[in-house]
2 protein chains.
Amino acid sequence: MATANQPTSGNGDFEKIDASFQITVRDHVHRAMRSAIISGRFQPGQKINERKLAEQFGVSTTPIKEALRQLETEGLVEALARRGVVIRFSSSWAEEMILARAALESMIAHLAAKRIDENGREELRAIANRMKEATASGDADSLITLNETFHDHIHRSSQCGYLAKLIERQQFYDASIRRVIHLDPTERQKALNEHVAIADAIAAGDADRAERTMRDHVVRSGDTYLSIVFKKQGEI
Amino acid sequence: MATANQPTSGNGDFEKIDASFQITVRDHVHRAMRSAIISGRFQPGQKINERKLAEQFGVSTTPIKEALRQLETEGLVEALARRGVVIRFSSSWAEEMILARAALESMIAHLAAKRIDENGREELRAIANRMKEATASGDADSLITLNETFHDHIHRSSQCGYLAKLIERQQFYDASIRRVIHLDPTERQKALNEHVAIADAIAAGDADRAERTMRDHVVRSGDTYLSIVFKKQGEI
DNA sequence: ATTTCAAATCTGATATATCAAGTTTCACAC
DNA sequence: GTGTGAAACTTGATATATCAGATTTGAAAT
């Protein structure tokens, strides 16, 4: 093992530097393309030309191909053998991504309610309290951060690494739109009520209620997002 | 558009040849690796060497890299920037894949119950009846096929393309083990009862019951599978 | 024996070249 | 005008080459 992070004279409790800090070209391309697709900058069915894309990014086709494989596995593009890739994203796809997230987040909330320990409960309540304050003061930026913290904490409490990863791939919120939503006091209050209900259920160890409240929250907030981005309501 | 599939003298209702018939090297590698990982032929944490793998498959590293990107997005391996990929699969990962499938299949069953039409209902009942016969006669091969037909039909009835794709990636059944399970009369009967309950709920348009029965079915049959492969019970 | 550190080596990341399947173009026949 | 088909072109699939970060090695210093 590497010794650089555990010098003989140190106490050794440093965390290893996360290799994911180093951004590769393929990851940059992947993120850029994902963001572009999800925010509707490509038409459904539109063909993607590897060489042109490589030229636009100013790189070779190798990292492009890799990024496209990732997008393909995510379900955002479809690869036709020897005919290239086409965009597969529309409002209906987005609706289904929300449903997928609802299904997975509610499953993870269920498990979190069963597995959370006392420290986790305290931390969860603390996060909820900070959310109350930020909601009252209308601090949209804090709310966006706290929202991530909240869900991350639940993911960790569930002890589900795979499910948490899977959920990440159902995420397609755009920061700017998120801020727009959080700037609306009514929306802000709705989200807070839901978050508090979820936190209560998990802290109380009520797995079924945690599941239900989480699902409702994800679907409702997802629909709000959709109605802004696609000017239409999703439905379950 | 291509005219080859729509000759002027024909009626035009031929389906286009699916481009996925043409197997590429990267897909072959992807499937082979996925199968190998899922059936435990790699140790968790084991490092994968691209060049060696390419040599084993007798191909260049390009399709290998692409296949690894797909596995990475599926969550079966982890890529550390500039340090290569390591296997991320263990019994706990398998348990979570079952939970993911349960969450997604139950969501899709919920929607199928709401969206299925009369033709779909009839077809669903017909499949269930064929399952009854195959169960009675102990025809394991037919049951394996019918099982796929059953779930596929529900996927189609839900009209959810994205969710159906996502579910595919949570599948890790091995045909041989599947047969072992279906050869046990008790298991066979349990599965039949569950399938019938699911079909009834969907045909009756009872979305909540469809969701519940589907979830129970996926979790229970998944646990049966796990107990055989990993010699241990999963839990929810 | 242990530490240090630079050279050698390994290996993933990226670039470039080649190959072959798919598409388009257009002259030609009917 | 319509259909045919071969050549030209396009482009994804694969192979190979190059680059650079990470790891290993081993000799020198302590």
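Bear in mind the structure is a predicted one, so any value in this text is a computation, not a measurement. In what follows, chains carry the letters A, B, and so on, assigned in the order in which the sequence lines appear, proteins first and then strands, with residues in each chain numbered from 1.
Note that the two end axes of the helix from C/dA1-D/dT30 to C/dC30-D/dG1 enclose an angle of 10°, each drawn from 5 base pairs, rounded to 10 degrees.
Here the CD1 atom belonging to A/Ile181 is positioned 6.0 Å from the OG1 atom belonging to A/Thr224, to the nearest 0.5 angstrom. With values rounded to the nearest 0.5 angstrom, A/Leu166 atom CG is found 11.5 Å from B/Leu99 atom CG.
If you take CG of B/Leu80 and P of C/dT11, they are 15 Å apart, rounded to a whole angstrom. C/dA13 atom P lies 12 Å from atom CD1 of A/Ile23, rounded to whole Å. Taking atom CZ of residue B/Arg83 and atom C1' of nucleotide D/dA22, one finds them 8 Å apart after rounding to whole Å.
Note on B/Arg130 versus B/Glu123: salt bridge recorded, some NZ/NE/NH1/NH2 to OD/OE distance being below 4.0 Å. The pair A/Glu66-A/Arg69 fails the salt-bridge criterion, with no side-chain N (NZ, NE, NH1 or NH2) lying under 4.0 Å from an Asp/Glu carboxylate O.
In terms of polar N and O atoms assigned as donor or acceptor, the side chain of A/Thr62 never comes within less than 3.5 Å of the base of C/dA13 in a complementary pairing.
For the side-chain hydrogen bond (donor to acceptor under 3.5 Å, both in side chains) test, residues two or more places apart in sequence or in another chain that qualify with A/Ser39 are A/Arg41. Applying the side-chain hydrogen bond (donor to acceptor under 3.5 Å, both in side chains) test to B/Thr73 and every residue at least two apart in sequence or in another chain returns nothing.
Looking at residues 64-73 of chain A, you'll see A/Lys65, A/Arg69 sit with a heavy atom under 4.0 Å from some atom of DNA chain D. Contacts of residues 42-61 of chain B with DNA chain C (heavy atom under 4.0 Å): B/Ile48, B/Asn49, B/Glu50, B/Arg51.
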Can A/Thr149 and A/Asp152 be said to form a side chain to side chain donor-acceptor pair (under 3.5 Å), step by step? CA-CA 5 Å; A/Thr149 308; A/Asp152 277 354; over 6 Å; no

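Mapping A/Arg82 and A/Arg26 onto DNA chain C by nearest heavy atom places A/Arg26 at the nucleotide closer to the 5' end.
The side chain to side chain donor-acceptor pair (under 3.5 Å) test with B/Glu105 singles out one residue from B/Arg215, B/His217, B/His155, and that residue is B/His155. For the pairing with A/Arg34, the side chain to side chain contact (heavy atoms under 4.5 Å, CB included) check across A/Val29, A/Val77, A/Leu76 returns one residue only, A/Leu76.
The salt bridge (charged side-chain N to carboxylate O under 4.0 Å, His left out) contacts involving residues 165-183 of chain A comprise A/Asp141-A/Arg179, where partners must be two or more places apart or lie in separate chains.
For C/dG12, the OP1/OP2 oxygens have no side-chain nitrogen or oxygen of A/Gln22 closer than 4.0 Å.
Between A/Tyr173 and A/Tyr225, the distance from one ring center to the other falls under 6.0 angstrom.
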